[in-house]
Participant: 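Handing you a structure now.
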Amino acid sequence: MAEAEAHVTETKPNGDLVQYSSNEGVAFLTLNDPPANTYSYEMMQTLDRAILEARLDDTVQVIVIVGSGEKFFCAGANINMLRSVTPTFKYFFCLHANETLSRLEQTPKLVIAALNGHCVGGGLEVAMAADLRLARRDAGKMGLPEVSLGVLPGTGGTQRLSRIVGKSKAIELMATGELFPFERGLELGLVNQIFDAQTGEQFLQQVSDYARQFTTPNKAAGAVGRIKRSVQTGAEIPFESALALERELQQQLFQTEDAREGLDAYVNKRKPIFKGK
């Protein structure tokens, strides 16, 4: 990830299609198939491995997904690839992509999609599997235009979009195939924040600074991860079961050093220093 070289100290080879780098508790997963960073089965396999790498790395507390270059976050699945394969392959390709994005969504670490360029089709489906979406102002458009291809958003798009913007608005956006600027995404709740950045490198630095607020010693990263898990899982199960999950996760946190540190800091009117333990 050329734009992030200034603040990345460790790089691990996870395949050229997804570049993996980490520094100061933040792992960057860069979709790397220019110019549009479209994904293939091979890229999804590599992304899956990178997600597991970040999940199992105790030094990683936040995951950021970004696109290579400055024009595209991701334009979705590679259309030429889809034209050349059998319907059976397409089915299992979509199934694996769904499994990969579900793994990302259920990883108990905060996931941020850094929208550095156009984020359309399957690219928006990737971004919606993240917990937060940060965008660079005037850098591109977003939307789910699959209807123009005679298909539907088949990598979680119909389900995640409706959960974010509501059923009626989701149906409208997908049925029209509308593409809209990030500012409209902010109004809809699809984008959390928009950053003003002159260059892609500046945008990534802003994203990195934003992400680090959720890492130690600034935050109890374990609490952030369990907040995510409680919300993501709780939204899909009955309310009473969700409350039980919340209590179980809270009980886990009560046993941590960070919880003791937070309570002690509050009582003694000082800023807590969290260690991720």
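One is the number of the first residue; the rest follow in order along the sequence.
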Participant: Keeping to residues at least two apart or across chains, list the ring-ring contact (aromatic ring centres under 6.0 Å, His included) pairs with something in residues 45-83.
Facilitator: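 Qualifying pairs: Phe72-His118.
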
Participant: Below 4.5 Å, heavy atoms only, C-beta onward: do Gln232 and Gln106 meet side chain to side chain?
Facilitator: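 Yes, at least one pair of side-chain atoms sits under 4.5 Å.
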
Participant: Using a 4.5 Å cut-off on heavy atoms from C-beta on, say whether the side chain of Gln61 contacts that of Leu110.
Facilitator: no

Participant: Do any N or O atoms from the side chain of Asp33 and from the backbone of Leu17 form a donor-acceptor pair under 3.5 angstrom?
Facilitator: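 Such a contact is absent between Asp33 side chain and Leu17 backbone.
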
Participant: Can you hop from Val165 to Met142 via hydrophobic side chains spaced under 4.5 Å?
Facilitator: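 Looking at the clustering, Met142 is in the same group as Val165.
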
Participant: Does Glu172 reach the side chain of Ser168, with side-chain heavy atoms less than 4.5 Å apart?
Facilitator: no

Participant: Quick check: closest heavy atoms across Tyr20 and Ala50, and the distance to 0.1 Å?
Facilitator: CE1-O, 3.6 Å

Participant: Tell me which donor-acceptor pairs under 3.5 Å the side chains of residues 149-159 have, and how far apart each pair is, sequence neighbours excluded?
Facilitator:
residue, atom, partner, partner atom, Å
Gln159, OE1, Arg163, NH1, 3.2

Participant: Would you please classify the geometry between the Phe93 ring and the Tyr41 ring as parallel, tilted or perpendicular, with 30° and 60° separating the classes?
Facilitator: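 Plane angle over 60°, so perpendicular.
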
Participant: Taking everything shown except Lys90 itself, do over 12 heavy atoms lie less than 6.0 Å from its NZ?
Facilitator: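 Check passes, neighbour count above 12.
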
Participant: How long is the gap from CG on Leu188 to NZ on Lys169, to the nearest 0.5 Å?
Facilitator: 6.5 Å

Participant: Work out which heavy atom in Gly276 is nearest to a heavy atom in Thr216; give both atom names and the distance.
Facilitator: N-CG2, 3.2 Å

Participant: Using ring pair (Phe, Tyr, Trp, His ring centres under 6.0 Å) as the criterion, list what pairs up with Phe214, not counting sequence neighbours.
Facilitator: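 Per chain and number, Phe214 pairs via ring pair (Phe, Tyr, Trp, His ring centres under 6.0 Å) with Tyr210.
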
Participant: Counting only heavy atoms from other residues, nucleotides and ligands, does the tally under 6.0 Å from CD of Gln198 exceed 12?
Facilitator: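 No - once you tally the heavy atoms of other residues, nucleotides and ligands closer than 6.0 Å, there are 12 at most.
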
Participant: Going by ring-ring contact (aromatic ring centres under 6.0 Å, His included), name the pairs with one or both residues in residues 258-277, residues two or more places apart or in two chains.
Facilitator: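 Of all non-adjacent pairs touching residues 258-277, none passes ring-ring contact (aromatic ring centres under 6.0 Å, His included).
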
Participant: Do Phe89 and Tyr39 share a hydrophobic cluster, counting only Ile, Leu, Val, Met, Phe, Trp and Tyr and linking them when any side-chain heavy atoms are less than 4.5 Å apart?
Facilitator: yes

Participant: Check whether more than 12 heavy atoms from other residues, nucleotides or ligands sit under 6.0 Å from atom CD1 of Ile79, and answer yes or no.
Facilitator: yes

Participant: Can you confirm whether Met174 sits close enough to Val147 that some side-chain heavy atom of one is under 4.5 Å from a side-chain heavy atom of the other?
Facilitator: no

Participant: Look up atom CG in Leu144 and atom CG in Leu190, then write down how far apart they are to the nearest 0.5 Å.
Facilitator: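 Nearest 0.5 Å value for the CG-CG distance: 8.0 Å.
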
Participant: Looking at Pro145 and Ser148, what are the two nearest heavy atoms and their distance?
Facilitator: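 The answer is O-OG, 2.7 Å.
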
Participant: Using a 6.0 Å cut-off, check whether atom CZ of Arg55 has over 12 heavy atoms from anything other than its own residue.
Facilitator: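 Enclosed: over 12 neighbouring heavy atoms sit under 6.0 Å from CZ of Arg55.
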
Participant: Mind jotting down which residue pairs meet the ring-ring contact (aromatic ring centres under 6.0 Å, His included) criterion with at least one end in residues 231-262? Sequence neighbours excluded, please.
Facilitator: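 Found none.
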
Participant: Grouping I, L, V, M, F, W and Y whenever their side-chain heavy atoms are under 4.5 Å apart, do Ile65 and Met128 come out in a common cluster?
Facilitator: yes

Participant: Would you say Glu246 and Leu249 make side-chain contact, with heavy atoms under 4.5 Å?
Facilitator: no

Participant: Ignoring hydrogens and geometry, is there a side-chain-to-backbone donor-acceptor pair from Arg260 to Gln255 under 3.5 Å?
Facilitator: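 Answer holds: yes.
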
Participant: Quick check: is Val126 connected to Ile164 through a chain of hydrophobic side chains (ILVMFWY, heavy atoms under 4.5 Å apart)?
Facilitator: yes

Participant: For Asp48, what residues pass the salt bridge (Lys or Arg N to Asp or Glu O under 4.0 Å) criterion, not counting sequence neighbours?
Facilitator: Arg103

Participant: Nearest 0.5 Å, what's the CG-CE distance between Leu31 and Met44?
Facilitator: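 Reported to 0.5 Å precision, the distance equals 8.0 Å.
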
Participant: Report yes or no: does Arg133 contribute a side-chain atom to a donor-acceptor pair with the main-chain N or O of Leu186 at less than 3.5 Å?
Facilitator: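 No; judged by distance alone, with no hydrogens or angles, the pair does not exist.
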
Participant: State whether the side chain of Asn37 and the backbone N or O of Ser68 hold a donor-acceptor pair below 3.5 Å, judged by distance alone.
Facilitator: yes

Participant: Roughly how far, to the nearest 0.5 Å, is CD of Glu42 from CE of Met81?
Facilitator: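 One finds 7.5 Å between CE of Met81 and CD of Glu42.
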
Participant: Counting N and O atoms only, with roles assigned by atom type, does the side chain of Asn116 sit under 3.5 Å from a partner on the main chain of Leu204, one being a donor and the other an acceptor?
Facilitator: no

Participant: Shortest non-hydrogen contact from Ala127 to Cys119?
Facilitator: CB-SG, 3.9 Å

Participant: Checking the side chain of Glu70 only, and the main-chain atoms of Ala139 only, is there a donor and an acceptor separated by less than 3.5 Å?
Facilitator: no

Participant: Which heavy atom in Ala211 sits nearest to a heavy atom in Val26, and how many Å separate them?
Facilitator: CB-CG2, 4.0 Å

Participant: Grouping I, L, V, M, F, W and Y whenever their side-chain heavy atoms are under 4.5 Å apart, do Val120 and Phe182 come out in a common cluster?
Facilitator: no

Participant: Taking salt bridge (Lys or Arg N to Asp or Glu O under 4.0 Å) as the test, write out the residues that go with Asp264, two or more places apart.
Facilitator: Arg270

Participant: May I ask you to check whether Glu24 and Thr215 show a side-chain donor-acceptor distance below 3.5 Å?
Facilitator: no

Participant: Checking side chain to side chain contact (heavy atoms under 4.5 Å, CB included) for the pair Ile63/Thr107: CA distance, chi angles, key distance, verdict?
Facilitator: CA-CA 10 Å; Ile63 301 169; Thr107 292; 4.2 Å; yes

Participant: Is it true that the side chains of Ser230 and Arg226 contain a donor and an acceptor less than 3.5 Å apart?
Facilitator: no

Participant: Measuring only between side-chain heavy atoms, which start at C-beta, is Asp138 closer than 4.5 Å to Glu183?
Facilitator: yes

Participant: With sequence neighbours excluded, give me every salt bridge (charged side-chain N to carboxylate O under 4.0 Å, His left out) pair touching residues 119-132.
Facilitator: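 Non-adjacent pairs meeting salt bridge (charged side-chain N to carboxylate O under 4.0 Å, His left out): Asp131-Lys228.
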
Participant: Looking at Ala130 and Ile112, what are the two nearest heavy atoms and their distance?
Facilitator: CB-C, 4.2 Å

Participant: Linking directly or through intermediates, with side-chain heavy atoms under 4.5 Å: list the remaining ILVMFWY members grouped with Tyr91, chain and number order.
Facilitator: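 Hydrophobic cluster check, Tyr91: joined to Phe92, Leu95.
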
Participant: Does anything in residues 134-177 form a ring-ring contact (aromatic ring centres under 6.0 Å, His included)? List the pairs, not counting sequence neighbours.
Facilitator: none

Participant: Going by the rule salt bridge (Lys or Arg N to Asp or Glu O under 4.0 Å), which residues pair with Glu178 if we only count those two or more places apart in sequence or in a different chain?
Facilitator: none

Participant: In Å, rounded to the nearest 0.5 Å, how long is the span from CG of Leu52 to CG of Leu104?
Facilitator: 10.5 Å

Participant: Tell me the salt bridge (charged side-chain N to carboxylate O under 4.0 Å, His left out) pairs involving residues 104-116, sequence neighbours left out?
Facilitator: Glu105-Arg160

Participant: Apply side chain to side chain contact (heavy atoms under 4.5 Å, CB included) to residues Thr46 and Met43 and explain how you reach the verdict.
Facilitator: CA-CA 5 Å; Thr46 310; Met43 177 185 278; 5.5 Å; no

Participant: Going from CD1 on Ile194 to CZ on Arg136, what distance comes out if it is rounded to the nearest 0.5 angstrom?
Facilitator: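 Ile194 atom CD1 to Arg136 atom CZ measures 12.5 Å (nearest 0.5 Å).
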
